Amino acid sequence: MYTKFKLFSPQKMIHSLFLINCSGDIFLEKHWKSVVSQSVCDYFFEAQEKAADVENVPPVISTPHHYLISIYRDKLFFVSVIQTEVPPLFVIEFLHRVADTFQDYFGSSNVGDTLPTGQLSNIPWRRAGVKYTNNEAYFDVVEEIDAIIDKSGSTVFAEIQGVIDACIKLSGMPDLSLSFMNPRLLDDVSFHPCIRFKRWESERVLSFIPPDGNFRLISYRVSSQNLVAIPVYVKHSISFKENSSCGRFDITIGPKQNMGKTIEGITVTVHMPKVVLNMNLTPTQGSYTFDPVTKVLTWDVGKITPQKLPSLKGLVNLQSGAPKPEENPSLNIQFKIQQLAISGLKVNRLDMYGEKYKPFKGVKYVTKAGKFQVRT
Amino acid sequence: MSAAPAYGEDKGGSAGPGEPEYGHDPASGGIFSSDYKRHDDLKEMLDTNKDSLKLEAMKRIVAMIARGKNASDLFPAVVKNVACKNIEVKKLVYVYLVRYAEEQQDLALLSISTFQRGLKDPNQLIRASALRVLSSIRVPIIVPIMMLAIKEAASDMSPYVRKTAAHAIPKLYSLDSDQKDQLIEVIEKLLADKTTLVAGSVVMAFEEVCPERIDLIHKNYRKLCNLLIDVEEWGQVVIISMLTRYARTQFLSPTQNESLLEENPEKAFYGSEEDEAKGPGSEEAATSTVPTRKPYVMDPDHRLLLRNTKPLLQSRSAAVVMAVAQLYFHLAPKAEVGVIAKALVRLLRSHSEVQYVVLQNVATMSIKRRGMFEPYLKSFYIRSTDPTQIKILKLEVLTNLANETNIPTVLREFQTYIRSMDKDFVAATIQAIGRCATNIGRVRDTCLNGLVQLLSNRDELVVAESVVVIKKLLQMQPAQHGEIIKHLAKLTDNIQVPMARASILWLIGEYCEHIPKIAPDVLRKMAKSFTAEEDIVKLQVINLAAKLYLTNSKQTKLLTQYVLSLAKYDQNYDIRDRARFTRQLIVPSEQGGALSRHAKKLFLAPKPAPVLESSFKDRDHFQLGSLSHLLNAKATGYQELPDWPEEAPDPSVRNVEEEDLSLIETHVGLLGEYTEVPEWTKCSNREKRKEKEKPFYSDSEGESGPTESADSDPESESASDSKSSGESGSGESSSESDSEDQEEEKGRSSESEQSEEEGGKRKTKNRKKVAEGQGDGSSSDEGSDSSSSSSESERTSETEEEQVEPASWRKKTPPSGKSAPVAKEISLLDLEDFTPPSVQPVSPPTIVSTSLATDLEGLTLTNSPLVPSLLSPASGAGRQELLHRVAGEGLAVDYTFSRQPFSGDPHMVSVHIHFSNSSETPIKGLHVGTPKLPAGLSIQEFPEIESLAPGESATAVMGINFCDSTQAANFQLCTQTRQFYVSIQPPVGELMAPVFMSENEFKKEQGKLTGMSEITEKLTLPDSCRSDHVVVQKVTTVANLGRVPCGTSDEYRFAGRTLTSGSLVLLTLDARPSGAAQLTVNSEKMVIGTMLVKDVVQALTQ
């Protein structure tokens, strides 16, 4: 793990790094320059206390002698100590890469790496001498729909964000070109460093020598003037009675523009107002939970069968005496549609140069809900 | 030594995160001793000969270090293993050494010889790692050894080792800053390195050791620019940031020509976009403002930097994108900055910390360059799941982006936010509404009404915040709002939040003359509860008492004295002080009346209204993306961004020998072994060659070399990217142009109108050009050969930069005023095809409208009959120009709002487009190209017109769904050979369609739309406008509404629905015979309502 960090140079700007778990224990520290006492984290804890919840801890904290830049990932705080001017995003980006590396590292079991070979390869992102018996290249086109739907069901905001994740297991130094049927759909693209920008600019072809293994090839946004198909609709009626300790809750989900595919993996999450004590609901399908502490209602719906639309209805128990909540909570919806890229993006072909063998190629499409919110 | 595990176990949750100073606690001694025992077996393991045991021991030790435990007592045992053959053990020993060498310097010296040996190892990896560890050992005594090692490594044949040498430089510098001079030498050497691997690291060293030695960069500047794209991401950030500073010292400001337009950033931003669509006129306006200055020519090196950084906006690294964004913000000509918006908006999908930083920067940028982010308005909409700190930043951005055009949408969003459960956020929203209200006069009353409604909100915090904001708004125009102040006065009974109470009391005191009856009563109540009030409220009670005493002493004398007496014995000394001070001031005493004579002046002085402005204003004096910018304070080590120089320093310092460029290592080298050279490397090669071919300017003459001008460049360079952002605002910016000009134009046009009464079928298009040629306004040149003058004007626009013309020669494009959002161009000189001036949708003379109506009827393609009672005589606004015939190279395009339902989609506004071909050749394949529309808007294109013969005209119908907003629809009009960017902005009255309604229905619906949805305005009708016929006609000209039958004669009612959402728009005009009238509009689209009222009032009163 140590050697992996050596690849990065930001450490030259970061003094120290502390890892803190959610109960406030500093369980790991690393100093790149002189040692900074753990007590510097007190300023962080102070800010954390003030922020009420973890999401609102300011990422940059100024202390008398240092600056603390932190991120929150997987229930851990990564707190870095900085002494001089540095672009904050530089540090934040680095911390996220560290977190990514942790994830990779603890996910796999290749402890005891030998010295890294990456930096000696002519191509910084690919090690030399890769060998596979089965040569395969898989691409996952994953699109997410971000949307805000207003009370009346009309779309306030919707856009499609997509990524192409690749899993490349090819021997030697393959040089790949991936082309699309409709590349013009991609409005704003960000690239893995392996991609040749000029080639994309001139021909709209992704040309690259891939890193070995799993990586994100591109992220993209679909141009905004294309209307976004919203695959589901939600009928909702949530009401709280004045001067009464109960309210009604009734939501139904149905398919809308789903391109004839099955919508599955539907989950509805609702942050109910604080005055809600409990909920007695009956789902026609799937199961629901309500956490009376966090006031989060989660309904695991499964997939929609158009013959019988899933619904969840019942009573809401409110704290008696408290005024009725003013706002109805918004519904956060998750879903998944297999074998469909909602934007209509299609991979045309994948060509390989530089190596003689014939690789096995595959493309998979999936559409998911991103930040999909229905205001009620 | 530490007890961390135990500590971790018995701590429940995050109970006490503030007490991590543990380990010295005697209670944890048990664990202490077991640690010692464990250390003993570690020592044993390290002493064995088995590598596996050593490795195990080292792993455990490194784990201890990582957990912050002290393992220093193991130093002797560990250091022995530095020469261990096993590379895994060795690595871990290095980790240990780096951590503890500083504490155990003497022992650490034992290991130095091992590293020195390592520096000579044939394996580059071992050389590098030896140098890395050696330079990480912070022992002053080895400084000379380190220096030597760095110098040697800097000339190592392996770039990897050279990179490590660059990394070692700042470490040595921080250990001993006396070595600076020697280190600079090494940096200079490494800066000349041509590998991408070294570039980032050496610039980082440069930034830390000698950022002031900008002269070291000159010779390497072009190389760094060219290498940039292949440098690893971290290096890119550092290089870009350094080059930003460099450019600020070496090049001239690309915005100097635009500096006079600084006041109106939006206009400046769109300036050059407009040129494309509107032809030469506006461009001239921009340059004519600085007629005396030497035309600005961008240094090719400056251009090189901009060009080579632009692709990095596509980087996956947020830090790189931000770095490029700040570079463009600080260095690019205004017209090019727009390209960064899209990339920054993309980062908003990233982790919340990234969002936080990006939003801070966007907030700063959006103040200076609002237009840039306007197309992405909706990307800043807030979700209930966003963390509060993100919500508040997004709100800041939304507020900065709000303008006359989008304020309807923004306010509608804000209405949703007000009901949020997150009360901090609600409070911030109310503040934001306050800021919108101050910035955009048109919606001030709407906002104020909305805020007043919030006063009956159940949540006290909401009420309190509203009071505070209302106070600020009222201060701007107190006289009109006696009612609101009264309402607030009543609230003192209920509202408990001190800040709000204090605000109300201050308002009552300040404007007590507006509420002479209520004010003393409030004081009475406050006197009663005085002792129970918060301090801040007490101070305001004293303040109120003093003011009332001065204005109305008869009623309040006793009360005031009572309050002052209470205050005199208050626990708080501030209050006691204030009471004493006030008493002396207002109550005339025997000895000193000098002050009390001026008491009125002191207390009742007019106070300036507070300015509600963004906290991000002027933050851009910090380099964007920097820590200092984020903190809004200078961080240690922050390098100020220098101001542009007045005169450009000698550009020849960057010249290098030709061969240097060709030697630059690129990916060609990397890929050398492949038979096929990939396309992109060819490209980059080609470009480099091109770069070389360019004659590097003859030293002294900047202009004679290959030059690019800031003004002309965006077309070629960034047009495609910034198109969308540019166009959406162009309609607006034109409407904001100089009003003086407009008046002049109007005067002139009316002059010529009188002489010509024929309502021409074709509208003239070349007025712009003519105005330009005849700047002095003489309208005698009727017979001017239009074709020759058109070609002349084209030439003018092309050769813009070279010509320095007297400003008077160039006339601005005649702009249209705000009151008439639709631009209208009238011919001054081509009298033969002159159109009646139905410019203002507001009040065209009756005759004109009628003639226009017949005119239009003749033109319409569809046969759907007009409903005379329902539809206005014709469209509200006459023909508008879409494309001038000069700009269109002979193709002239006008449009009218036909007010007929659009057949394809009932939500669309039907627009008739009239084409006429005044060129010599037929125009083929007329169609609409890809529209770049703000989200929500959509266009139903007209069927392609295959050919338009010279002199012929044609009409087509297209539908536009404006989404109930007055945003402009921008699209391209394409012919076979050309594309024109055009824009249609609807007057608010065209966004609706009439509905039939009975009087009862009308009243019922009106009853549902009160409160915030009701906008009322008083007006006086001029004599000319008192007859039924005229009133109805004027209203229907402005708005596409249907008349509702009405019982009483003085009342006029009109009803319609907005096209997209179908929201009702009800308009009532209550006209007294005296001429006094009241106009009421009820609509849930309150902004449409507000705009409509304004338009109708203007129409009726003119």
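In the text below, chain A, chain B and the rest are named by the order of the sequence lines, each starting its count at 1. It should be emphasised that the depicted structure is a prediction, and the values quoted were computed from it without experimental measurement. Below, all heavy atoms of this structure are taken into account, side chains as well, without hydrogens, waters or symmetry copies.
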Out of [options], which one racks up the most heavy-atom pairs below 4.5 Å with chain A?
{"options": "B:E233, B:R349, B:E103", "answer": "B:R349"}
{"options": "B:E207, B:E353, B:R419, B:H629", "answer": "B:E353"}
{"options": "B:E102, B:R99, B:M322", "answer": "B:R99"}
{"options": "B:S136, B:S384, B:G637, B:S315", "answer": "B:S384"}
{"options": "B:I418, B:T636, B:L627, B:V354", "answer": "B:L627"}
{"options": "B:S938, B:S379, B:A635, B:P387", "answer": "B:P387"}

CA sep, side-chain torsions, deciding dist, call: A:I71, B:H351, side-chain contact (heavy atoms from CB on, under 4.5 Å): CA-CA 9 Å; A:I71 64 160; B:H351 301 284; over 6 Å; no
Heavy-atom distance under 4.5 Å to chain B: side chain of [X], backbone, both or neither?
{"X": "A:Y72", "value": "both"}
{"X": "A:A147", "value": "backbone"}
{"X": "A:N56", "value": "both"}
{"X": "A:R73", "value": "side chain"}
{"X": "A:S152", "value": "neither"}
{"X": "A:E46", "value": "neither"}
{"X": "A:I92", "value": "side chain"}
{"X": "A:F27", "value": "backbone"}
{"X": "A:V91", "value": "neither"}
{"X": "A:Q83", "value": "backbone"}

Which bit of [X] is near chain A, if near means a heavy-atom gap under 4.5 Å: side chain, backbone, both or neither?
{"X": "B:T385", "answer": "both"}
{"X": "B:I65", "answer": "backbone"}
{"X": "B:S174", "answer": "neither"}
{"X": "B:R138", "answer": "side chain"}
{"X": "B:I392", "answer": "neither"}
{"X": "B:Q355", "answer": "side chain"}
{"X": "B:Q623", "answer": "neither"}
{"X": "B:V321", "answer": "neither"}
{"X": "B:Q389", "answer": "both"}
{"X": "B:Q326", "answer": "neither"}
{"X": "B:V357", "answer": "side chain"}
{"X": "B:T416", "answer": "both"}
{"X": "B:S628", "answer": "both"}

If you count heavy-atom pairs under 4.5 Å with chain B, which of [options] comes out on top?
{"options": "A:I218, A:L95, A:N328, A:V86", "value": "A:V86"}
{"options": "A:T155, A:V57, A:T269", "value": "A:V57"}
{"options": "A:S330, A:P58, A:A51, A:S177", "value": "A:P58"}

Minimum heavy-atom distance B:Q314-A:V189, with the two atoms named: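 That closest heavy-atom pairing would be CG-O, 2.5 Å.
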Using a strict 4.0 Å threshold on nitrogen-to-oxygen distance, state whether [X] and [Y] make a salt bridge.
{"X": "A:D175", "Y": "A:R196", "value": "yes"}
{"X": "A:D188", "Y": "B:R346", "value": "yes"}
{"X": "A:K371", "Y": "B:D386", "value": "no"}
{"X": "B:E88", "Y": "B:K91", "value": "yes"}
{"X": "A:R375", "Y": "B:E413", "value": "yes"}

Does any N or O in the side chain of [X] come within less than 3.5 Å of the main-chain N or O of [Y], such that one atom is a donor and the other an acceptor?
{"X": "A:S80", "Y": "A:I69", "result": "yes"}
{"X": "A:E93", "Y": "B:A318", "result": "yes"}
{"X": "B:K163", "Y": "B:S201", "result": "no"}
{"X": "A:E355", "Y": "A:M173", "result": "yes"}
{"X": "A:D146", "Y": "A:E159", "result": "no"}

Partners passing ring-ring contact (aromatic ring centres under 6.0 Å, His included) against B:F622 (at least two apart in sequence or in another chain):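 Counting only residues at least two positions away or on another chain, B:F622 forms a ring-ring contact (aromatic ring centres under 6.0 Å, His included) with B:Y638.
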Nearest-0.5 Å distance, CG of residue B:L348 to CZ of residue B:F380: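 It comes to 5.5 Å.
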Distance-only polar pair, side chains of B:D424 and B:T388, donor-acceptor under 3.5 Å: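 Distance-only check fails for B:D424 and B:T388.
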Criterion ring pair (Phe, Tyr, Trp, His ring centres under 6.0 Å) on A:H192 and A:F215, from CA distance to verdict: CA-CA 8 Å; A:H192 188 277; A:F215 67 101; 5.2 Å; yes
Partner set under salt bridge (charged side-chain N to carboxylate O under 4.0 Å, His left out) for A:E85, not counting sequence neighbours: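 Testing A:E85 for salt bridge (charged side-chain N to carboxylate O under 4.0 Å, His left out), a comparison that skips the adjacent residues, returns none.
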Aromatic ring pairing B:Y381/A:F157, orientation class (parallel under 30°, perpendicular over 60°, tilted between):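 B:Y381 vs A:F157 ring planes: tilted.
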